[in-house]
2 protein chains.
Amino acid sequence: MPMQTALQYPHAGHAVPGAIVQKRAIAFIDVPTRFKKGQTVFSEGSAALHFYEVVSGTVRTSQLLKDGRRQIDAFHLKGDLFGFEASALHRVGAEVVEDATLRIYQRSQLERMLAEDAEFAQRVVAAMMHAIERAQSHMLLLGRKSALERIATFLLDMSGRLSEMSHLDLPMSRSDIADHLGLTIETVSRTLTQLERKGVIELPSHRRSIVLRDRIALRRLDA
Amino acid sequence: MPMQTALQYPHAGHAVPGAIVQKRAIAFIDVPTRFKKGQTVFSEGSAALHFYEVVSGTVRTSQLLKDGRRQIDAFHLKGDLFGFEASALHRVGAEVVEDATLRIYQRSQLERMLAEDAEFAQRVVAAMMHAIERAQSHMLLLGRKSALERIATFLLDMSGRLSEMSHLDLPMSRSDIADHLGLTIETVSRTLTQLERKGVIELPSHRRSIVLRDRIALRRLDA
DNA sequence: CGCATCTTTGAATCTGGTCAAGGACGGTGG
DNA sequence: CCACCGTCCTTGACCAGATTCAAAGATGCG
């Protein structure tokens, strides 16, 4: 486990755009690390020694039941912080959905950084509040929305986070979408087809792209 | 809105057991406020000027869809902090489930307190990490568990939080349970009856109490 | 070009929801 | 003290949305 502080790194102290700590470059590995698609960032149940910032790419955090059922609680895109844990172990696992570059922070220094760096403390607190809000919206989706509403919500959300253009390039598979929305891949597929037949979206042959043809209709479908 | 600091309160600076800030008693209304059952603590969409600590009683936070569907994201018991928001408005509403006493903190001072009081910052960060973990578990429940598994999880969780004894006194109605677990009241009722018939629990005539007869079986049912 | 993987589609099944009615508890007032 | 009433809870019959099982169709990588 790399327990060295960034002080030992030649790059420490550089003003990296988007870095949490700019002035005081202790406590994170300044050189972002590359991860490949499918790679495990950390496993459910492993020691929570670090937390992470997405510099580029996409990461999913998920939990598994013994029989293999999976729930993806969130997809993390550029700028997102993830991997915070109240306990000593990771309660969720994290895997790379799309080649990613991550900045790795030492959890052991979280407390010190909270105490010493007010700017950092505020960014961490803000990131956590956002995580809580997204979790709350997602519980509403999982607890109370129909399949059609879930897909509509998902498309609008991804559109907002990825591009705002009508053309979406989803980084994840149907199976990831299903496990995020609490559906099966068959239902995800059928619902997308249904939206295409209504003319609300378009599904090009490259199945990871989706064109939003009618955002108004999509918002109407999203409870 | 009471915007005065605790410095203006005669009680300021008292070492109140369980208070977030003991040494530096700025920024919270030192005298806990009483709320009655059914009372609204804050509404969904209202300005997020405060956050709260449960001194006694039970509070639920929930979201509504336009057509009335409701999702209760959490029940807050003694010691819990709630009402944090990343944005200016409350994205969830909070209502009292069981007569409660709440300590009210000024949100406007959150940032200052984070900067000035490291102990406070850590308690807030810890509370948020717990909220995130509970939200993650709850997403797993809502996305992937059957009605029976949801009820088993719920009973074990409430038992852990309320008493650890085999006798549970639930503070909330079937309707609250249903809206928390993403089920209908009929399914909650049927599932409890089913567990009673199996001898796993007992349902005394006072329908808010439940006796856990067989925790092992309950844990086996909880995926 | 061919194979492995992902996606779509169809048919049957099932879990949980909906609609409807009856029952029990507890508070209120006579 | 007891009868009444409102609310909450339970139960039953039927229904619907989503899952399961099965198979065919695409896509894209090697």
Side-chain angles (χ1 to χ4, degrees), chain A residues 36-38 60 65 67-71 97-99 141-154 168-198 201-210 221 223, chain B residues 36-38 60 65 67-71 97-99 141-154 168-198 201-210 221 223:
Chain A
K36 276 173 289 183
K37 179 174 165 172
R60 63 174 181 247
L65 293 176
D67 64 3
R69 279 173 287 173
R70 180 178 68 153
Q71 177 64 41
V97 171
E98 186 186 38
D99 289 5
L141 178 147
L142 294 171
R144 288 300 179 222
K145 293 189 185 180
S146 70
L148 192 57
E149 291 167 341
R150 292 180 200 205
I151 294 288
T153 304
F154 176 74
L168 269 183
D169 262 310
L170 297 177
M172 73 290 286
S173 67
R174 297 286 186 265
S175 152
D176 280 347
I177 297 173
D179 285 349
H180 185 47
L181 302 183
L183 300 169
T184 59
I185 56 174
E186 292 95 331
T187 300
V188 170
S189 183
R190 272 187 258 271
T191 307
L192 287 171
T193 304
Q194 186 184 336
L195 286 172
E196 187 177 37
R197 274 197 289 260
K198 285 193 209 170
I201 63 173
E202 202 172 310
L203 296 167
S205 73
H206 174 42
R207 268 40 244 308
R208 296 285 174 98
S209 359
I210 296 185
L221 291 172
Chain B
K36 276 174 289 183
K37 179 172 167 175
R60 63 174 181 247
L65 294 174
D67 65 3
R69 279 174 286 173
R70 180 179 68 153
Q71 177 64 41
V97 171
E98 187 185 38
D99 288 5
L141 177 147
L142 294 172
R144 288 300 180 223
K145 293 190 183 179
S146 69
L148 191 56
E149 291 167 342
R150 292 179 199 206
I151 294 287
T153 303
F154 176 74
L168 270 183
D169 263 309
L170 298 177
M172 74 288 288
S173 68
R174 296 287 187 266
S175 154
D176 280 347
I177 297 173
D179 285 349
H180 185 47
L181 302 182
L183 300 169
T184 58
I185 56 173
E186 293 93 333
T187 299
V188 170
S189 183
R190 273 187 259 270
T191 307
L192 288 171
T193 304
Q194 187 184 334
L195 286 172
E196 186 177 37
R197 275 197 289 259
K198 285 194 208 169
I201 63 172
E202 201 172 312
L203 297 167
S205 72
H206 174 45
R207 266 47 240 309
R208 296 285 175 98
S209 5
I210 296 185
L221 291 172

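Residue numbers begin at 1 in each chain, while the letters A, B, ... track the order of the sequences. Note that this is a predicted model, so its numbers are computed, not measured.
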Whole-Å distance separating the CD atom of E149(A) from the P atom of dA18(D): 9 Å
Between P of dG16(C) and CG of L181(B), the distance in whole Å: 12 Å
Test: R60(B) and D176(B) ion pair at under 4.0 Å: yes
Position toward the 5' end of DNA chain C (nearest nucleotide), S175(A) or H206(B): S175(A)
Residue mapping more 5' on DNA chain D - nearest nucleotide basis, P204(A) or K145(A): K145(A)
Below 3.5 Å is the cut-off: list the nitrogen or oxygen pairs between protein and nucleotides 14-17 of chain D, distance only.
none

Considering all heavy atoms, the nearest L65(A)-K145(B) contact: CD2-CE, 4.0 Å
Sugar-phosphate only, base, or nothing, as touched by T193(A) at under 4.0 Å among non-hydrogen atoms: sugar-phosphate
Closest listed nucleotide, where the reference is the side chain of R174(B) and the choices are dT10(D), dT11(D), dT8(C): dT10(D)
Check: L170(B) and E98(B) side chains under 4.5 Å, non-hydrogen atoms: no
Flag side-chain contact, heavy atom, 4.5 Å: E149(B) against L221(B): no
S173(A) side-chain proximity, nearest of dT10(D), dT7(C), dG17(C): dT7(C)
Atom-pair distance (CG on D179(B); P on dC9(D)), nearest Å: 12 Å
Sugar-phosphate, base or nothing in reach of R150(A), heavy atoms under 4.0 Å: nothing
Whole angstrom value for the distance that separates C1' of dG16(C) from CG of L142(A): 16 Å
Any donor-acceptor N/O pair under 3.5 Å between dT18(C) base and R190(B) side chain: yes
Carboxylate-amine/guanidinium proximity below 4.0 Å for D67(A) and R144(B): no
Below 4.0 Å: OP1/OP2 of dT19(D) and any side-chain N or O of T184(A): yes
Rounded interatomic separation in angstrom, taking CD1 from I201(B) and P from dC9(D): 14 Å
Between dC8(D) (C1') and E186(B) (CD): distance, integer Å: 12 Å
Residue pair S189(A) / E186(A), side-chain heavy-atom distance below 4.5 Å: no
T187(B) vs dG16(C): side-chain N/O to OP1/OP2 distance below 4.0 Å: no
T187(B) (side chain) donor-acceptor with L183(B) (main chain) under 3.5 angstrom: no
Residues K37(A), D99(A): salt bridge by 4.0 Å N-O rule: no
Rounded distance in Å - CG (L192(A)) to P (dT9(C)): 10 Å
Given dT19(D), dT18(C), dG17(C), the nucleotide with the shortest approach to the side chain of L183(A): dT19(D)
R207(A) vs dT8(C): side-chain N/O to OP1/OP2 distance below 4.0 Å: yes
Rounded distance in Å - NZ (K37(A)) to C1' (dC6(C)): 10 Å
